[in-house]
Amino acid sequence: MSSRHAQLAEQFNADEARTNWHDQTLWWVRQKRDRAANTLPEWEQLRQWASDIKDHTLSNLHAYLLEFEKNALANGVFVHWAKDAEEHNRIIYDILQKAGVDRIVKSKSMLTEECHLNPYLQKKGIDVVDTDLGERIVQFREEAPSHIVLPAIHLKKEDVSDTFHEHLGTEKGNNDPQYLTHAARLHLREKFIQSDIAITGVNFAIAETGGIVVCTNEGNADMGAHAARVHIACMGFEKIIPKAEHLGVFTRLLARSATGQPITTYTSHFHRPAPGKEMHIVLVDNGRSRQLGREDFRNSLKCIRCAACFNTCPVYRRSGGHSYHTAVAGPIGSILNPNLDMKANADLPFASTLCGSCSNVCPVKINIHEQLWKWRQVISAEGLTDPSKKMGMKLMAWVLARPAVYRFAGKAARWVTANLPFLVKNKTWNPWFKQREMPEAPKQSFQEWYKKQQRS
Amino acid sequence: MYTVGLFVPCYIDQFYPQVAISSLQLLEKLGCKVVVPLNQTCCGQPMANSGFASLSKGCDANFIQNFGELDYIVCPSGSCTLHIKEHLHSEQFPEKATLIQQRIYELTEFLTDVLKLTTFKGSFPHRVGLHNSCHGQRGLHLSSMSELVAPVFSKPADLLKRISGLELLLPERSDECCGFGGTFCVFEESVSVKMGKDRIREHEQNQVDIITGGDMSCLMHLEGILKRKKSPVRVMHIAEILNDGYE
Amino acid sequence: MSSRNQILEAIKNAQPAIKPLPVLDYTVVTPIKELISSFEQFVKAVGGRVQLVDQSAALAQEIENARLEGKLILNRLNGLSSMDEISPDLTELEKLDRVYIRGSLGVAENGAIWVSETSMGNRILPFIAQELVLVLREEELVPTMHDAYQHIRINQEGFGVFIAGPSKTADIEQSLVIGAHGPVALTVLILKSGLAVPV
Ligand code: SF4
């Protein structure tokens with residue numbers, strides 16, 4: 001009966017101390033975000049601008065993409081179009097082959113995770129090195145990132161220490177983050193220098209100038225892109241914004257929402273390849289045009305991947321990114337992934353209490369919790385929910401539409417709870433009762449009481 | 001004098017009648033004429049939130065039949081009120097549905113916004129922790145939300161603070177969800193319970209006697225956890241406290 | 001049909017009726033009056049150091065002193081000390097202890113500094129050195145990112161970057177470590193207003 005997310009979440013919760021740590025650490029990030037937001041009295045106005053700019057862009061995307069392409073080409077950048085993950089991966093492989101390169105460095109790009117680029121390239125014998133520290137850690141462990149901004153947030157420093165001991169030969173049992181980070185620094189700086197091709201993601205692509213902006217704290221995107229001969233930037237086409245001026249709005253929101261920093265350490269603007277070098281931009285659809293056509297879900301494409309909705313989500317904090325079994329976890333993942341594969345991800349819109357905190361923190365004002373509700377309707381209409389759940393709901397609806405039946409059923413339910421408690425107080429078939437007592441069944445309902453009052 | 005229809009959510013009717021009785025008595029003490037339509041059942045939320053909004057037509061029709069003629073509808077649940085406000089739908093009587101959506105109030109907002117209750121006679125000498133239900137707070141805006149950069153306010157807290165002897169305490173995370181979430185509480189049992197335990201821990205740190213709130217569903221979930229661990233902390237719906245405290 | 005045209009066609013069919021582009025009225029933006037103190041506060045908050053310089057000679061002297069100490073210095077400041085050539089060999093650059101680069105604009109609300117490709121000489125320079133020193137004039141501070149984007153033209157050169165503090169990460173248990181892949185330290189030298197310096 002329990003869904004994939006629920007099962008994985010239950011496993012996550014088996015270690016309560018660790019769950020507490022995960023919850024508290026991410027809550028701390030949420031608090032940093034709150035403090036940063038509260039330093040700007042115009043915060044809500046900025047969110048509104050960001051939302052309106054993105055809404056406008058989505059409504060004029062065709063024209064903006066053409067404008068972007070024209071300007072990027074004029075800048076001497078190669079522009080590629082990929083309709084799906086497979087084409088995206090092939091385009092990259094072709095560039096690698098033409099350059100005769102068999103090892104690359106890659107900075108964080110959730111798109112390449114979504115397209116499963118790493119396993120694709122590795123199968124073809126390419127050595128892919130993820131250079132974001134968190135991503136390198138999970139790559140060594142052959143795990144997926146569990147958070148789009150903090151990829152290794154599910155791990156403790158002891159785990160990282162073990163992993164680095166195994167892969168980088170660090171001192172066993174030395175758990176000092178400073179020491180471990182330094183070891184990764186030495187290891188990765190060597191990789192940057194050796195690599196001919198670097199792949200990066202894209203935070204914003206500016207139609208007006210044909211350039212892209214990449215934001216990192218570690219400097220890994222820059223180390224990679226500037227050391228390499230060829231820079232490939234991969235982006236979902238929704239990263240477009242119309243004008244350079246709009247970067248003022250988005251850069252003010254992004255880091256504050258993500259980590260509470262006033263801005264990321266590096267906000268890098270790439271327009272033309274460096275002399276003698278090559279720059280490629282891959283524009284990817286992979287289901288995005290389908291999502292754009294879904295009126296109720298289109299504005300999920302406004303997302304700037306800040307992960308504020310992850311950090312605030314009480315369910316995410318207590319179930320971990322891997323419980324969402326997709327590249328992009330958390331609340332936003334739960335409204336994006338059903339578009340990619342409705343059946344495989346039918347559980348995700350239900351992995352929420354619809355508390356609405358996600359929509360409130362979202363810097364581009366995506367109505368995430370309302371979309372979760374709407375996906376539930378779509379998924380049920382498609383027949384992708386548990387048949388027994390559907391039967392139960394049908395029965396319930398039938399009862400609740402008939403006042404007399406309802407009164408009888410209510411009485412029966414209370415009678416059963418009071419007189420045959422073993423039917424209800426059963427941990428096997430009543431998940432409520434596993435860790436919670438049932439409410440006491442009162443002798444009379446309110447309506448029964450009220451009728452008696454009226455008579456007397 | 002206001003004539004108000006009392007909408008009693010189905011689970012309150014069946015399992016927490018004292019909440020409805022308190023609401024009724026409180027409204028009467030405050031001078032309202034209270035009408036209780038006797039064929040009311042449920043707002044339809046359990047189906048809709050499970051993805052079966054299509055199955056709530058019967059509930060919608062029944063709701064309109066029971067409440068279509070009233071000027072004010074008051075409900076001691078933020079969640080059910082929000083559901084009606086957002087999702088009540090009728091092909092046959094669309095205007096009636098819209099009118100109901102404008103006329104329905106959650107109990108505390110009715111007290112603060114319509115009755116404009118400012119003075120409060122009576123007392124309730126207990127340490128009380130307030131649980132903000134998400135639907136009441138983020139849905140109906142009964143209080144400000146910690147995520148937004150906006151002035152701070154709280155309709156339920158305003159009412160509670162007026163009761164003499166009542167010591168109001170907010171948990172550290174003042175508006176985190178308790179994890180009830182409708183069918184979420186059984187389909188995502190482990191996360192649901194963990195969320196509830198964490199809310200309770202913060203209230204216990206405040207050494208409260210009672211946890212209150214505007215939604216009995218959240219409180220039922222918290223009560224289940226409290227009772228299992230045999231905690232001395234009780235839950236009480238805000239209507240019960242207000243009614244007890246109002247002479 | 002090419003993928004490009006298929007995608008564009010699909011987008012054309014899927015996109016909704018046009019919605020207006022908002023007019024950004026910057027009068028709602030909270031003004032920052034004390035630019036220099038705000039800037040200083042944020043550079044520190046993001047892990048950097050600020051030093052006010054009131055004599056250009058002092059700066060030239062500092063560079064010379066560092067050289068004398070045996071540090072591997074690369075100076076990109078035109079007219080102060082001597083300007084150094086940039087080796088094309090990355091393993092050489094990787095060893096640099098410190099580089100001096102001219103920034104062109106500082107942002108008071110977050111401590112970020114705009115650095116253009118020309119002043120870097122080589123794009124990798126501000127990232128690869130162990131320590132980065134950026135030089136700004138006091139007059140080059142603006143209040144917010146909105147102002148910054150009005151002053152710079154992002155596509156004037158092939159590459160440009162806002163740098164706020166040394167490189168950092170918190171990927172291990174959210175504990176902040178300064179010095180991820182880029183510089184382990186950032187110093188911003190602010191030349192006092194009216195100072196006659198060649199840079
Ligand atoms: S949905 Fe909003 S809050 Fe979540 S990652 Fe995207 S932009 Fe950030």
Side-chain angles (χ1 to χ4, degrees), chain A residues 25 40-42 45 49 52-53 55-56 58-62 65 81-83 87 133-134 137 150 152 156-157 160 177-178 180-181 185 188-189 193 209 211 217-220 222-223 226-227 242 244-245 247-248 251-252 261-263 265-274 285 289 292-293, chain C residues 2-4 6-8 10-22 24 28-30 42 45-46 90-91 94 107 109-112 123-124 127-128 144-146 148-150 154-155 157-175 177 179-182:
Chain A
T25 307
L40 298 185
E42 67 268 30
Q45 179 65 62
W49 282 345
D52 291 347
I53 293 168
D55 274 334
H56 162 77
L58 291 176
S59 76
N60 197 31
L61 198 53
H62 183 264
L65 278 167
W81 300 75
K83 57 181 186 306
E87 190 172 10
L133 176 59
I137 296 167
L150 321 165
K156 305 278 298 218
K157 54 183 187 244
V160 179
Q178 182 96 39
L180 296 169
T181 302
R185 173 186 171 91
L188 287 167
R189 279 171 80 94
I193 290 174
T209 64
N217 280 323
E218 298 183 1
N220 56 321
D222 287 285
M223 279 298 280
H226 306 317
E245 181 191 8
L247 287 168
T251 53
R252 295 189 86 197
Q261 292 169 259
I263 188 168
T265 305
Y266 302 108
T267 306
S268 302
H269 302 57
F270 295 86
H271 277 86
R272 290 181 284 283
D285 182 334
S289 56
L292 184 65
Chain C
S2 69
S3 290
R4 173 186 182 276
Q6 271 180 45
I7 295 168
L8 284 168
I11 289 173
K12 203 178 201 169
N13 293 329
Q15 72 189 20
I18 188 93
K19 292 185 185 145
L21 190 61
L24 309 184
V28 304
V29 176
T30 318
F42 278 104
V46 297
L90 295 181
T91 49
E94 215 265 318
V107 188
E109 71 159 322
N110 56 22
R123 291 180 186 189
I124 204 165
F127 305 95
I128 201 165
T144 69
M145 292 305 287
H146 304 299
Y149 281 107
Q150 258 150 31
I154 58 169
N155 59 342
E157 302 189 6
F159 177 73
V161 59
F162 282 106
I163 298 180
S167 84
K168 54 183 89 63
T169 183
D171 272 352
I172 302 175
E173 280 201 9
Q174 276 298 289
S175 18
V177 177
H181 306 297

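Please read all numbers here as calculations on a predicted model, not as lab measurements. Lettering follows sequence order; numbering is per chain, from 1.
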(Q) Quick one: does any side-chain atom of C/Arg123 pair with a main-chain N or O of A/Asp222 as donor and acceptor, under 3.5 Å? (A) no
Q.
Please check: side-chain N/O of C/Thr169 versus main-chain N/O of A/Glu218, any donor-acceptor pairing under 3.5 Å?
A. no
Q. Side chain, backbone, both or neither: which part of A/Pro242 has a non-hydrogen atom closer than 4.5 Å to chain C?
A. side chain
Q. Side-chain contact, heavy-atom cut-off 4.5 Å: A/Leu61 with C/Lys12?
A. no
Q) Any donor-acceptor pair under 3.5 Å linking the side chain of A/His271 with the backbone of C/Ile154? A) yes
Q) Given that the side chain runs from C-beta out, which part of C/Pro16 has a heavy atom under 4.5 Å from chain A: side chain, backbone, both or neither? A) both
**Q.** For the student: nearest non-hydrogen atoms of A/Pro262 and C/Asn110, plus distance
**A.** CB-CB, 3.5 Å
(Q) For the CD1 atom of A/Ile53 and the CG atom of C/Leu24, what is their distance to the nearest 0.5 Å? (A) 5.0 Å
Q) Of all heavy-atom pairs between C/Ala180 and A/Thr181, which one has the smallest distance, and what is that distance? A) CA-CG2, 4.5 Å
Q: Give, as side chain, backbone, both or neither, the part of C/Thr144 having an atom under 4.5 angstrom from any heavy atom of chain A.
A: side chain
Q.
Is A/Leu65 in contact with chain C via its backbone, its side chain, both, or neither, using a 4.5 Å heavy-atom distance?
A. side chain
Q: Name the region of A/Arg185, side chain, backbone, both or neither, that has any atom closer than 4.5 Å to a heavy atom of chain C.
A: both
Q) Can you name the closest pair of heavy atoms from C/Pro20 and A/His56 and give their distance? A) O-CB, 3.6 Å
Q: Heavy-atom pairs under 4.5 Å with chain A are the metric here; pick the option from C/Ser167, C/Ala112, C/Ser175, C/Ala170 that has the most.
A: C/Ser167
Q) side-chain contact (heavy atoms from CB on, under 4.5 Å) between C/Gln15 and A/Leu292: does it pass, once the steps are laid out? A) CA-CA 6 Å; C/Gln15 72 189 20; A/Leu292 184 65; 4.0 Å; yes
Q) Using 30° and 60° as the class limits, which term best fits the ring planes of C/Phe159 and A/His226: parallel, tilted or perpendicular? A) perpendicular
**Q.** CG on A/Asn220 to NE2 on C/His181, rounded to 0.5 Å
**A.** 4.5 Å
Q. Which one, C/Ser2, C/Ala10, C/Gly111, C/Gly160, leads in non-hydrogen pairs under 4.5 Å with chain A?
A. C/Gly160
Q | Contact class of C/Phe42 relative to chain A, heavy atoms under 4.5 angstrom | A | side chain
Q: Please examine the side chains of A/Leu180 and C/Val177, heavy atoms only from C-beta on, and report whether any two atoms are closer than 4.5 Å.
A: no
Q: Using the test side chain to side chain contact (heavy atoms under 4.5 Å, CB included), find all partners of A/Ala82 that sit at least two apart in sequence or belong to another chain.
A: A/Glu87, A/His88, A/Ile91, A/Val282, A/Val284
**Q.** Nearest heavy atoms of A/Glu42 and C/Val29, plus distance in Å
**A.** OE2-CG1, 3.4 Å
Q.
Within the 4.5 Å heavy-atom criterion, are C/Pro166 and A/Thr265 side-chain neighbours or not?
A. no
Q: Can you sort out the partners of A/Thr267 under side chain to side chain contact (heavy atoms under 4.5 Å, CB included), two or more places apart, ordered by chain and number?
A: A/Val213, A/Cys215, A/Thr251, A/Ile263, A/Thr264, A/His269, C/Tyr149, C/Phe162
Q. Hey, are the side chains of A/Asp285 and C/Gln6 touching, using non-hydrogen atoms and a 4.5 Å cut-off?
A. no
Q: Specify which of A/Asp55, A/Val160, A/Leu133 makes the most heavy-atom pairs with chain C at under 4.5 Å.
A: A/Leu133
(Q) For the CD1 atom of C/Ile18 and the CG atom of A/Leu58, what is their distance to the nearest 0.5 Å? (A) 10.5 Å
Q) Of the backbone (N, CA, C, O) and the side chain (C-beta and beyond), which part of C/Glu173 lies under 4.5 Å from a heavy atom of chain A, both, or neither? A) both
Q. Taking all atoms of both residues into account, what is the closest heavy-atom pair of A/His62 and C/Leu8, and its distance?
A. CD2-O, 3.1 Å
Q: Would you mind checking which part of C/Ala17 comes under 4.5 Å of any heavy atom in chain A, side chain (CB onward), backbone (N, CA, C, O), both or neither?
A: backbone
Q | Separation of A/Lys157 NZ from C/Ile172 CD1 (nearest 0.5 Å) | A | 10.0 Å
Q | chain C contacts, top residue of A/Ala152, A/Ala227, A/Pro177, A/Gly211 (heavy-atom pairs, under 4.5 Å) | A | A/Pro177
Q) Where do A/Ser289 and C/Ala14 come nearest, in terms of heavy atoms and distance? A) O-CB, 3.4 Å
